[in-house]
Engineer: 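Please find one structure pasted underneath; my questions will follow.
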Amino acid sequence: METKLLYLEDQYQKEARGKALWHEFTDLILDQTIFYPTSEGQPNDRGKVLIDGNEYIIVDTWSDGESIHLISHDTFPDDINGKEVQQILDWDVRYLHMRFRTALKILSGLAYKMFGATMRINQTYDDQAWVDLELDEITKEQVDELFAEANKVAKSVKDTSFSYMSRDEFMKNDEMMKICKGRVPDYEQIRILNLEGIPDQMEFGTNVKNTEEIGEIEFKTNLVKGKISRRINITLK
């Protein structure tokens with residue numbers, strides 16, 4: 001039961017219809033969904049679905065590799081399979097993660113471009129986000145320089161876009177392999193974020209259409225025994 005990932009086709013789609021393919025108690029699979037599952041350092045979307053006029057709150061979303069599972073507070077009706085389901089995102093939460101996600105991609109891309117640092121892992125929350133850089137040490141001066149450049153990009157009013165590479169093509173691209181440290185997911189097509197001013201990067205999360213939507217990227221104090229950690233914490237204005 002493969003779910004069509006509407007959130008990759010239109011990251012601004014707030015509502016959508018889908019057909020129920022399978023369910024078990026509070027777990028539901030649709031033929032297509034706008035709900036993003038927890039992955040790639042981005043938390044799951046939240047929201048609700050409507051079935052026969054009844055509302056079910058979606059509190060979790062996860063992927064089994066093929067299907068997206070929508071998890072509700074309440075048990076779904078026994079006769080749901082084959083029925084049309086209306087999906088409605090908690091848009092405020094999704095949009096905040098989109099802004100954070102693009103900000104992190106700007107920071108990690110610039111860290112690679114400026115210092116040769118690669119991203120190890122990253123995470124977004126409802127009020128902050130962070131990225132771990134694979135760098136022996138980072139100084140306050142480097143952090144200041146990085147955030148100054150990142151905010152220049154954020155304020156440059158540039159559109160984000162996406163392209164795809166086959167997995168084989170991606171793995172033959174030396175620059176791409178350096179940026180991702182050879183950690184390539186087992187997908188036939190690799191989604192690439194394209195943004196003028198930063199290196200192209202693999203990206204399967206949701207992002208804003210234009211950098212002006214991000215706002216100002218702020219560095220949160222991040223000291224470990226008097227030294228700046230390689231984990232860069234941010235908030236957004």
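The structure displayed is predicted, hence computed values, not measured ones.
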Engineer: If you measure from CZ on Phe204 to CZ on Phe162, what distance do you get to the nearest 0.5 Å?
Structural biologist: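 Here the rounded value is 10.5 Å.
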Engineer: Glu149 side chain to Leu146 main-chain N or O, any donor-acceptor pair under 3.5 Å?
Structural biologist: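 Looks like no, no N/O pair under 3.5 Å.
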Engineer: Looking only at non-hydrogen atoms, find the nearest pair between Thr124 and Phe100 and report the distance.
Structural biologist: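 In this case the closest contact between Thr124 and Phe100 is CG2-CB, 3.8 Å.
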Engineer: Output yes when a side-chain donor or acceptor of Asp132 lies under 3.5 Å from a complementary backbone atom of Met119, and no otherwise.
Structural biologist: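 Absent.
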Engineer: Given side chains that start at C-beta, do those of Thr38 and Asp60 come closer than 4.5 Å, heavy atoms only?
Structural biologist: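 They are in contact (side-chain heavy atoms under 4.5 Å apart), so the answer is yes.
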Engineer: Can you check whether Leu236 reaches Arg99 side chain to side chain, under 4.5 Å on heavy atoms?
Structural biologist: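 Yes, at least one pair of side-chain atoms sits under 4.5 Å.
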Engineer: Which pair of non-hydrogen atoms, one from Arg167 and one from Asp186, has the smallest distance, and what is that distance?
Structural biologist: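 Looking at all heavy atoms of both residues, the shortest contact is NE-CA, 3.6 Å.
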Engineer: Applying the 4.5 Å side-chain criterion to the ILVMFWY set and letting contacts propagate, would Leu96 and Val208 be lumped into a single cluster?
Structural biologist: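 Same cluster.
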Engineer: Would you compute the distance between atom CG of Leu107 and atom CG of Asn122 and round it to the nearest 0.5 angstrom?
Structural biologist: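 Answer for the CG-CG pair, Leu107 versus Asn122, is 10.5 Å.
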Engineer: Is it possible for you to say whether Leu104 and Leu133 belong to one hydrophobic cluster, with membership spreading through side-chain heavy-atom contacts below 4.5 Å?
Structural biologist: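 Yes; tracing contacts between hydrophobic side chains, which count when under 4.5 Å, links both residues.
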Engineer: Under 3.5 Å, is there a donor-acceptor pair between the side chain of Thr3 and the main chain of Ile68?
Structural biologist: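 At least one qualifying donor-acceptor pair exists.
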Engineer: Give me the one residue out of Gln42, Arg101, Gln11, Glu40 that meets side-chain hydrogen bond (donor to acceptor under 3.5 Å, both in side chains) with Thr206.
Structural biologist: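 Between Thr206 and the candidates, side-chain hydrogen bond (donor to acceptor under 3.5 Å, both in side chains) is satisfied uniquely by Gln42.
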Engineer: Applying side chain to side chain contact (heavy atoms under 4.5 Å, CB included), run through Thr160 and Thr102 and close with a yes or a no.
Structural biologist: CA-CA 9 Å; Thr160 59; Thr102 308; 4.2 Å; yes
Engineer: Any ion pair linking Lys4 and Asp31 (charged N to carboxylate O, less than 4.0 Å)?
Structural biologist: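 No salt bridge links Asp31 with Lys4.
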Engineer: For Asp78, is the CG atom crowded, meaning more than 12 foreign heavy atoms sit under 6.0 Å from it?
Structural biologist: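 No, not enclosed.
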Engineer: Dump the intermediate steps for side chain to side chain contact (heavy atoms under 4.5 Å, CB included) on Thr33 and Gln87, then the final yes or no.
Structural biologist: CA-CA 8 Å; Thr33 188; Gln87 308 167 66; 2.7 Å; yes
Engineer: Can you check whether Leu8 reaches Arg191 side chain to side chain, under 4.5 Å on heavy atoms?
Structural biologist: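 The answer is yes, as the side chains (C-beta and beyond) meet within the 4.5 Å cut-off.
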Engineer: Tell me, do Arg94 and Tyr7 make a side-chain contact under 4.5 Å, heavy atoms counted?
Structural biologist: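 Side chain of Arg94 against side chain of Tyr7, heavy atoms only: contact under 4.5 Å found.
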Engineer: Judged by atom type as modelled, is there a donor-acceptor pair below 3.5 Å linking the side chain of Tyr12 to the main-chain atoms of Lys209?
Structural biologist: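 Side chain of Tyr12 to backbone of Lys209: a pair is present.
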Engineer: Output yes when a side-chain donor or acceptor of Asn151 lies under 3.5 Å from a complementary backbone atom of Ile217, and no otherwise.
Structural biologist: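 Yes, because the side chain of Asn151 sits within donor-acceptor range (under 3.5 Å) of the backbone of Ile217.
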Engineer: Would Asp90 and Lys14 pass as an ion pair if we require N to O under 4.0 Å?
Structural biologist: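 Not counted as a salt bridge, because no side-chain N and carboxylate O are separated by less than 4.0 Å.
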Engineer: Give a yes or no on whether Ile88 and Ile34 share a hydrophobic cluster (residues Ile, Leu, Val, Met, Phe, Trp, Tyr; joining criterion: side-chain heavy atoms under 4.5 Å apart).
Structural biologist: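 No, Ile88 and Ile34 fall in different hydrophobic clusters.
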Engineer: What's the separation between atom CD in Glu216 and atom CZ in Phe147, rounded to the nearest 0.5 Å?
Structural biologist: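 Going from the CD atom of Glu216 to the CZ atom of Phe147 covers 10.5 Å.
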Engineer: With no hydrogens and no angle check, is any side-chain donor or acceptor of Thr61 less than 3.5 Å from a backbone partner on Phe35?
Structural biologist: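 Judged by distance alone, no pair lies under 3.5 Å.
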Engineer: Between Glu169 and Lys172, is the salt bridge (charged side-chain N to carboxylate O under 4.0 Å, His left out) condition met? List the steps.
Structural biologist: CA-CA 5 Å; Glu169 182 185 5; Lys172 291 175 183 176; over 6 Å; no
Engineer: Would Ile57 and Asp74 count as a side chain to side chain contact (heavy atoms under 4.5 Å, CB included) if you check the C-alpha gap in whole Å, the side-chain angles of each, and the deciding distance to 0.1 Å?
Structural biologist: CA-CA 8 Å; Ile57 302 300; Asp74 302 305; 5.8 Å; no
Engineer: Can you confirm whether Ile198 sits close enough to Tyr112 that some side-chain heavy atom of one is under 4.5 Å from a side-chain heavy atom of the other?
Structural biologist: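 Sidechains of Tyr112 and Ile198: no contact.
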Engineer: Any salt bridge linking Glu218 with Lys237? Criterion: basic side-chain nitrogen under 4.0 Å from a carboxylate oxygen.
Structural biologist: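 Salt bridge flag = yes for Lys237 with Glu218.
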Engineer: Is there a side-chain contact between Leu50 and Val85 (heavy atoms, below 4.5 Å)?
Structural biologist: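 Counting from C-beta outward, Leu50 and Val85 never come under 4.5 Å.
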Engineer: Step by step, would you call Thr26 with Tyr56 a side chain to side chain contact (heavy atoms under 4.5 Å, CB included)?
Structural biologist: CA-CA 9 Å; Thr26 61; Tyr56 298 83; over 6 Å; no
Engineer: What pair of heavy atoms forms the shortest contact from Glu137 to Gln142, and how long is it?
Structural biologist: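 Residues Glu137 and Gln142, closest heavy atoms: O-OE1, 3.8 Å.
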Engineer: So does Ser67 get a backbone contact from the side chain of Asp64, meaning a donor-acceptor N/O pair under 3.5 Å?
Structural biologist: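 Yes.
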Engineer: With side chains defined as the heavy atoms from C-beta onward, is the minimum distance between Leu5 and Glu9 less than 4.5 Å?
Structural biologist: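 No, too far: nothing below the 4.5 Å cut-off.
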Engineer: With clusters defined by side-chain heavy atoms of hydrophobic residues (ILVMFWY) lying less than 4.5 Å apart, directly or transitively, does Tyr95 cluster with Ile106?
Structural biologist: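 Linked, Ile106 and Tyr95 end up in one cluster.
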Engineer: Apply the side-chain contact (heavy atoms from CB on, under 4.5 Å) test between His23 and each candidate in Ile51, Leu30, Ile29, Asn81; give the one that qualifies.
Structural biologist: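 Answer to the side-chain contact (heavy atoms from CB on, under 4.5 Å) test with His23 among Ile51, Leu30, Ile29, Asn81: Asn81.
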Engineer: Show your working on salt bridge (charged side-chain N to carboxylate O under 4.0 Å, His left out) between Lys19 and Glu84 and close with a plain yes or no.
Structural biologist: CA-CA 5 Å; Lys19 183 173 73 173; Glu84 186 176 84; over 6 Å; no
Engineer: Are the charged groups of Lys178 and Asp174 less than 4.0 angstrom apart, N to O?
Structural biologist: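 No, no charged N to carboxylate O under 4.0 Å.
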Engineer: Measure up the His69 and Trp22 rings against each other and bin them: parallel (under 30°), tilted (30 to 60°), perpendicular (over 60°).
Structural biologist: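 Taking Trp22 first and then His69, their aromatic rings stand perpendicular (interplane angle over 60°).
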Engineer: Under a 4.0 Å N-O cut-off, is there an ion pair linking Lys48 with Glu55?
Structural biologist: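 Looking at Glu55 together with Lys48, the answer is yes, because their closest N to O distance falls below 4.0 Å.
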Engineer: Determine whether Asp45 and His97 satisfy the following criterion, side chain to side chain donor-acceptor pair (under 3.5 Å), listing intermediate values before the conclusion.
Structural biologist: CA-CA 9 Å; Asp45 282 329; His97 286 284; over 6 Å; no
Engineer: Between atom CG of Asn194 and atom CD of Glu203, what is the distance when rounded to the nearest 0.5 Å?
Structural biologist: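 Spacing of CG (Asn194) from CD (Glu203) equals 11.0 Å.
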Engineer: Please check if Ile232 and Met114 belong to a single hydrophobic cluster, counting links between Ile, Leu, Val, Met, Phe, Trp and Tyr side chain heavy atoms closer than 4.5 Å.
Structural biologist: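 The answer is yes; both residues are in one hydrophobic cluster.
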Engineer: Any donor and acceptor pair, going by atom type alone, linking the side chain of Asn44 with main-chain N or O of Pro37 inside 3.5 Å?
Structural biologist: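 No, the answer is negative, given that no donor and acceptor are paired below the 3.5 Å cut-off.
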Engineer: What are the two closest heavy atoms between Ser72 and Val59, and how far apart are they?
Structural biologist: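 Closest approach of Ser72 to Val59, heavy atoms only: C-CG2, 4.3 Å.
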Engineer: Closer than 4.0 angstrom, basic N to acidic O: yes or no for Lys158 and Glu212?
Structural biologist: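 A salt bridge is absent here (no side-chain N lies under 4.0 Å from a carboxylate O).
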Engineer: Over all heavy atoms of both residues, which pair between Asn207 and Leu193 is shortest? Give the atoms and the distance, please.
Structural biologist: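 Here Asn207 and Leu193 meet closest at OD1-CD2, 4.2 Å.
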Engineer: Counting C-beta onward and ignoring hydrogens, is there a side-chain heavy-atom pair between Lys140 and Phe219 closer than 4.5 Å?
Structural biologist: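 SC-SC contact between Lys140 and Phe219 ruled out.
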Engineer: At their closest point, which heavy atom of Val153 faces which heavy atom of Leu110, and how far apart are they?
Structural biologist: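 Heavy-atom minimum between the residues: CG2-CD1, 4.2 Å.
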Engineer: Taking the side chain from Lys105 and the backbone from Met202, do they hold a donor-acceptor pair closer than 3.5 Å?
Structural biologist: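 Side chain of Lys105 to backbone of Met202, a donor-acceptor pair under 3.5 Å: yes, one is there.
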Engineer: Between Lys181 and Glu134, does at least one N-O distance fall below 4.0 Å, as a salt bridge requires?
Structural biologist: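 Salt bridge: yes.
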Engineer: Output yes when a side-chain donor or acceptor of Lys113 lies under 3.5 Å from a complementary backbone atom of Gly197, and no otherwise.
Structural biologist: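 Side chain of Lys113 to backbone of Gly197, a donor-acceptor pair under 3.5 Å: yes, one is there.
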Engineer: With distance as the sole criterion, is a donor-acceptor pair present between the side chains of Gln201 and Ser108 under 3.5 Å?
Structural biologist: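 Note: Gln201 and Ser108 side chains meet the donor-acceptor criterion.
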